[in-house]
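Report on the structure given below.
Each chain gets a letter, A, B and so on, in the order the sequences are listed, and its residues count up from 1.
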Amino acid sequence: MAKQYKTYKKLDLTEVDQEMLKFWEEHQVFEKSVEERSKDNPFVFYEGPPSANGKPGIHHMMARTIKDSFCRYRTMKGMRVERKAGWDTHGLPIELKVEKELGITKEDIGTKISVDEYNKQCRETVMRFTDQWNDLTTKMGYWVDLDDPYITYTNEYIESVWNILQRLYNKGYLYKGYTIQPYSPAAGTGLSSHELNQPGCYKDVKDTTVVGQFKIVKNEASSFLFDNEDEDVRFLAWTTTPWTLPSNTALAVGKKINYLKVDTFNPYTFERVSVVLAEDLLKKWFKADNENGDFEAFASAEKKDRNKAPYKVVANYKGADLAGVDYEQLLDYVQPKGDAFRVILGDFVTTSDGTGIVHIAPTFGADDKRVADQNGIVALTVEDEQGNPAPLVDKQGKFVDEAGELAGRYVKNYKDAADYENVDVAIAVKLKTENKAFNVQKYEHNYPHCWRTDKPVLYYPLDSWFVRATAAKERMVELNKTIKWKPASTGEKRFGNWLENLNDWNLSRSRYWGIPLPIWRNEEGTKEKCIGSIEELEKEIAFANEQLGLDQSVPKDLHRPYIDSVVLCSEDGEKLVRELDLIDVWFDSGSMPYAQWHYPFENQEKFQRNFPADFIAEGVDQTRGWFYTLHAIGVMAFDSVAYKAVVSNGLVLDKQGRKMSKRWGNAVNPFETIGKYGADATRWYMMSNSNPWDNLKFDLDGVDEVRKKLFGTLYNTYSFFALYANIDGFDYSQDEVPLADRPEIDRWVISLLNSLVKEVDADLNDYEPTSAARKIQSFVLDNLSNWYVRLCRRRFWKGEMSTDKLAAYQTLYTCLDTVAKLMAPIAPFFSDRLYKDLNEVTQKEPHMSVHLAFLPTTDESVIDKDLEQRMDYAQRISSLVLSLRKKENLRVRQPLQRVLLPILDPSFQSQVEAVKDLILTEVNVKEFEYITDTSGIVNKSIKPNFKTLGRRMGKHMKSVAKVVGGFNQEDIANVETNGGYTLDLDGEKFELTLEDFVITSSDIPGWSVANDGPLTVALDITLTDELKAEGTARELVNRIQNLRKSKDFNVTDRIRVEIEKHDMLVPAMEMFNEYISAEVLADSLQLVDEVQGDIVDMDGTDVTFAVSKS
RNA sequence: AAUUAAGUAGUUCAGUUGGAAGAACACAAGUCUGAUAAACUUGGGGUCGCAGGUUCAAAUCCUGUCUUAAUCUCCA
C-alpha cells in the first residue's frame, strides 16, 4: 500500500510550530539552508543589533518578520544567506539601568563602587534578557545564527572600531571642539538628548523674564537710527534666563523681519526712550490705547501710571538694516576678548515670542554659539584655574568670582538652600533701577530638567570629539541615491533631507560603559596619537615604557578604567594621556559590517564577500540612527554604501492607533500571541494587513481572522486532497497528464498559478511583501478553494481512477505544493508542514524541507489570458444566475431549463461556450441560449465612454453626457447599426464611433434579468413537471447524504434506503430512482407505507427515512 | 515651529498616466455543501479629513488648513 498522506483532526498552528521547530532543530535545517547554497552566489544581510537589556515586544516581530521573509526568499532563489546575530551592549540606557538598580549616581562610580565592578555589572545587565530574545527569535521562526553573534563589548569588536576611528583620523575627519550641550550642574554631568527625552523631563516652570534695553552706540553705522542729537535709542530683547544676560555679546535679528522704532517712556524710570522691536510684536508690549498719547502731559505728571505711558511709532526698518549696529554692554562684569556687542542676523529669529530681537550668549546656547561664531563674535569668558577660557557660570552652576556682586550665587537653586535668593530677580531689579529693563514679568514655559536630580538643565559649553561628517556630505548624498529604499520617500525625503542638513557628529560621551576613544594627547593638546589596533597599542606601550621608564602592558579588557591608566609617549618623549571620552554607541552599531568579522585583523576575504549588504531592515526610527551611522561610516571610511537595499518599517500601534507602551497597558506580548494564534498567523497578518512601512494597527482579531481564513482554508483544501488521495492511493507515481489533455478548469488554475508565481517572485524581489501576501491569499481563497476545488469535488470522489481524476489530483497537488513554496518565506512553519506532508508521500523532490527547496519558476507557455478571462466570465455569470435564483426564490437544487445570454461582442460567445458546462453544472441549469440579434428583445442602456470622448470633446463633455443620457431604445439601436453617431451641438458636428459609447443590456421584458458590468443574464424560470421531479430527486439525495453523514458512515459504504410514501415524492422516485441510488451509493431505494427511522423536513412536510448499511 | 508619512464604509485596507467609488471583516436575511468555524446571494451602510484652485471631468494634480504618528531642532 502506498504511503498515506497525513491527516489531522483539526488545524492547530501552535502544534505545527512546535513540530517544525523540533524538526528544524533535529535536522539542522537552517544550517543546511545556508550550507547547501554556493558561496559564489551570496545574498548579504546585516542584522541590526538589538539591545538585550529590555524585553522583546510585538514590534520587534515586525522588523524580524521582514528580515526573515526576504532572507528565506533569497535562499529559495538559490542564494547563500548567512545571518550573523548581534548584540548592542553599550550605552547610556544600560548605565542608567545599572545605576538605578544599584541605587548609585555617576559620582559614586570610582568611590562607592569601583569602575571595575561597575563595568562588570553593566556587562551582566546587558545580556540579562538574551534568553527571552533568543526564545522569541526561535519561536517566531526568525532564522539567524544565534550561536556565533557579534557582541559590541568584546575586545575584538572594539579593536575593529578603533581601526575605523583611526582611518577617519588619518583622513582628518576627527577633531576636538567646543559645543553647547545640555548639562546638569546638580549632577555634574552632560546629558544626552536621549536623557532629556525621558518622560517628565520637560516641565512647565514659571521664570522671571526680562526685556532688556540695549543702548545703541551712535556712530556712522547707526546714525540712521537717530532723529536728533540727544535721542536715547535702545534695542529690546527678551529672555527667560536673565542669568545669561551678563554673558551677552550680541543681539540677533531676522533678515526679513520688519522692525519699528517707538518713542516712549521707560515704565520703571519714566525716562524718555526710543525702543526698537519687531512690528509684529508691538501689540504685545504696548497698549493700543496709549498710542500717540500726550507725551507732555505724561512727562509733567507727578504721579505716573506705567500702564499709561504714551508711545508713538516713529520709524521702521528691515532686520537687514540693523545688522552691524553696535550697542553698549548691558552688564559689564567681564570684558570680551574680541569683537562683541553688535547686531547680527540669525535665521532662527521669529516673531512668535519676545521682541523679535534675540539676546545672544554664546556660552549658554547652541544657536547662540553657532551664530556668534559665524559672525566673528566672541563669547564672554574668564580664565579658569588652568588658564583656559571658561564661562561666567561654573560647572557647579554658580557665578565665578569675576561676576561682581553675583559671584558665588547659584543661577538656580541647585543645592536646595532654604534661603536661596533668585539670581534672575536680583538681575531684574538691578536692570530696572539702571534704566536697562523695559519689562519684567513671570512667564510659564517648558524647560528641560535633569531626570535624576529634577533640577533645571543648563546649556553649557563642553569639550567634545567630532566626526567631520559635513566634509563627506556630498559623497553621502551621491551614494544615497544608489540605495534602494522602501519606501522610496524615506530615502529621498526623510534621509535625503537629513543628509542635506548634516551637522558634524558629536562622538564624545563622558560615561564609563562604552568603547573608549583611542586617542592619547599631551597636556597642551598639541601632540596626539590615534591607535588603530592592539598590536599598535602594544608597540606604543613598549615605546612609552622605554622612554618614560614605565612597566605597562596592554590591558586584558579595553574598557575603562583599565585603558585609562595606559600612558603613551610622543616621538619627542612627551607623556600622552588618553582622552577620557567614550564614543557614541551609534558608532558601535554603524561599525558592524567590519567589526562583526573583526576586520581587518581577521576574515579579510569574508569581509570582502560580505560588504556591502544587499539588504537590511529596521524600524523607520533608525533612519537617523543605524541607517545613518552605517552609511556615514561606509562612505567616510570606505567610500562605499554599506547597504544596497533597506526596508524601513513603521510602528506597531494598538488597535486604536495608539502607541504601545507599558504605561498604557496596551502592549501586546509576542509570546502570548504566538502561543495562541501561531507564529505564521501573526507573521502573515503583519505582512498582509498593511505595507510594512505604514504603521500597523495591531488587532488580535485580525490575527485570528488570518488563522481561520487563510490557514483554515488551506488546511481544509489539503485535508480534502489527502482524504481522497489516500483512498485512491494517489502518490504522483504516474506520468504527468499532459496539460492539453486536462480539462479547461485544470488548465485555468495552472495558468493562474503560474501567473501567481511570476507576480509573487517579482513582488518579493522588489521588497513588496504585502502585495505578495495578498496575491497568495486571494489565489488560495478565491480561486483554488472556492472555485477549483468546489467545482471539481465530484472528480475526486466519483468512480475509479481515470485520466480525468488523475489530472485533478496532479493539478491540485501542484497547486498546494507551489503555494507552500510561495508562502514559505512569510509563513515558514505551516508551509513546511504542508510541503513535507505532500512530498514525503510522493518523494517528488529530494528536499526534506520547503526551506531547502527552490522557488518554482514560471512556465510562460501555460499562462493563457483568454482562459483566465473566460473563467472570470464563468464566475460572474454563475454569480448572476445565483442572484436571480435568490430573487425568484428558486433553490439551486431545483434544476431550470435555460439561461439567456445576450451577445454583445463576437468573441464573447466563443469564450462563454468554452466554459458553458462549468456554469451549467454550477447553477444547475440545462442549457444556454445566446441572443445575437438583440434588438427588440433586450432593453439596452447607453452611456458615453468618458475616457475616449473626454479627451476629444473637452468642455462639451457635459452636453454630450446629457444628449446620450436622453437616448431611447431606438437611438441606441441606431448607434449600433450605424456603428456610430453624428452629434450636433449647436451646429457643431462631431463624429462618434461605437468605441465612444458603453452599451450594456439592462433588461429583457418578461424575463428575470441581472447585470454585472457588460454581462447580462436572463433566466427561464418555467418549471415543468420533469424539472420539478428532478428537483425533488436532488432534495432526496441531499437528505439521504445528510443522514449518511450524521450516522458516520464511511464515504464508501453501500446502503439501503426506505422512504415513507408521499405523493410529492412519487414522480421523482419513478423518474430518478437510478440517479438517486447512484448518488447515495444505495443498493436499494424504495417508497414504503410504513417505515421506522429519521424524520426529515421536505418542503414543509415531515418525511421518515430509514437508512441502513447493506 | 520644521521635515516626512498617513487621513476612503462601524473596522482593516485596495483604488498606477484624472474618466460616474471597491474588497474583506462585522451586522441582517437567505442559499448551497459527500472538505469547511468555509463559500455564495441580497441588504443597510461614504460630505473619499476640511476649504479653495486647475480641468469638460478630481479620492487621484496644485495651494492652504486640520488631525494623527515619527524624527529632529528649538523653546530667546
Side-chain angles (χ1 to χ4, degrees), chain A residues 193 202 209 237-241 244 252 346 348-350 352-361 365-368 445-448 487 489-490 492-495 497-498 501 503 619-621 623-625 650-651 653 655 657-659 688-691 693-697 699 701-702 705 708-709 712-713 715-724 770 774 778 781-782 785-787 789-790 793-794 796-798 878-879 882-887 889-893 924 943-951 953-961 1037-1038 1041-1042 1044-1045 1051 1079-1081:
Chain A
S193 59
Y202 275 84
T209 66
W238 181 60
T239 180
T240 56
T241 51
T244 62
F348 53 87
V349 179
T350 66
S352 57
D353 282 313
T355 62
I357 301 175
V358 178
H359 138 67
I360 298 293
D367 266 343
D368 303 38
H445 66 141
N446 211 244
Y447 197 82
S489 66
T490 298
E492 285 164 24
K493 305 287 186 64
R494 196 189 279 233
F495 192 61
N497 290 349
W498 160 252
N501 301 313
N503 289 321
V620 69
D621 53 327
T623 308
R624 290 165 193 188
L651 271 81
L653 308 170
K655 66 176 172 182
R658 292 179 310 180
K659 210 171 157 179
S688 65
N689 187 67
S690 58
N691 280 316
W693 35 89
D694 291 330
N695 288 348
L696 173 69
K697 289 182 189 164
D699 185 359
D701 289 342
E705 192 184 316
K708 282 198 301 211
K709 274 206 99 118
T713 304
Y715 162 80
N716 283 322
T717 308
Y718 167 78
S719 299
F720 172 84
F721 168 83
L723 174 66
Y724 294 107
T770 308
R774 286 177 178 170
S778 161
L781 297 179
D782 301 336
S785 166
N786 190 38
W787 192 251
V789 175
R790 196 158 56 83
R793 270 181 312 207
R794 210 178 164 80
F796 290 91
W797 51 259
K798 194 80 181 171
S878 299
S879 283
L882 291 173
S883 105
L884 285 171
R885 279 180 168 276
K886 160 70 187 161
K887 200 165 91 189
N889 232 340
L890 289 165
R891 54 185 52 155
V892 179
R893 275 192 292 264
N924 197 17
K943 66 176 186 181
N945 183 346
F946 286 90
K947 212 162 189 169
T948 62
L949 272 178
R951 210 162 289 145
M953 303 303 295
K955 64 182 174 192
H956 300 300
M957 202 54 218
K958 270 200 177 123
S959 332
V960 176
V1037 170
N1038 168 259
Q1041 298 290 26
N1042 286 347
R1044 283 185 65 113
K1045 210 174 174 185
V1051 292
E1079 287 296 307
V1080 302
L1081 305 183

Query raised in the report: For Arg794(A), which residues count as a salt bridge (Lys or Arg N to Asp or Glu O under 4.0 Å) partner, sequence neighbours excluded?
Result: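 By the salt bridge (Lys or Arg N to Asp or Glu O under 4.0 Å) rule, Arg794(A) matches Glu1079(A).
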[X] side chain, from C-beta outward: closest of [options]:
X          : options                : answer
Asp694(A)  : A70(B), A6(B), C72(B)  : A6(B)
Thr240(A)  : A69(B), C75(B), A38(B) : C75(B)
Trp498(A)  : A70(B), A35(B), C72(B) : C72(B)
Trp797(A)  : G34(B), U12(B), A76(B) : G34(B)
Leu1081(A) : A76(B), G34(B), A35(B) : G34(B)
Lys493(A)  : U36(B), U4(B), A69(B)  : U4(B)
Arg624(A)  : U3(B), U71(B), U12(B)  : U71(B)

With heavy atoms under 4.0 Å as the rule, sort [X] into base, sugar-phosphate or nothing.
X         : answer
Thr623(A) : nothing
Asn689(A) : sugar-phosphate
Arg774(A) : sugar-phosphate
Asp368(A) : nothing
Val960(A) : nothing
Thr490(A) : nothing
Ser719(A) : nothing

Review item, nucleotides 17-22 of chain B N/O atoms under 3.5 Å of protein N/O:
| from | atom 1 | to | atom 2 | distance (Å) |
| --- | --- | --- | --- | --- |
| G19(B) | O6 | Arg951(A) | N | 3.4 |

Query raised in the report: Quick one: Asp782(A) CG to U36(B) P, roughly how many Å, whole number?
Result: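 After rounding, the gap between these two atoms is 20 Å.
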Query raised in the report: Which whole-number value in Å describes the distance from Lys697(A) NZ to G7(B) C1'?
Result: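 Answer to the nearest Å: 9 Å.
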Between protein and nucleotides 24-28 of chain B, what N or O pairs are separated by less than 3.5 Å?
| from | atom 1 | to | atom 2 | distance (Å) |
| --- | --- | --- | --- | --- |
| A24(B) | O3' | Lys709(A) | NZ | 3.1 |
| A24(B) | O2' | Glu705(A) | OE2 | 3.4 |
| C25(B) | OP1 | Lys709(A) | NZ | 2.8 |

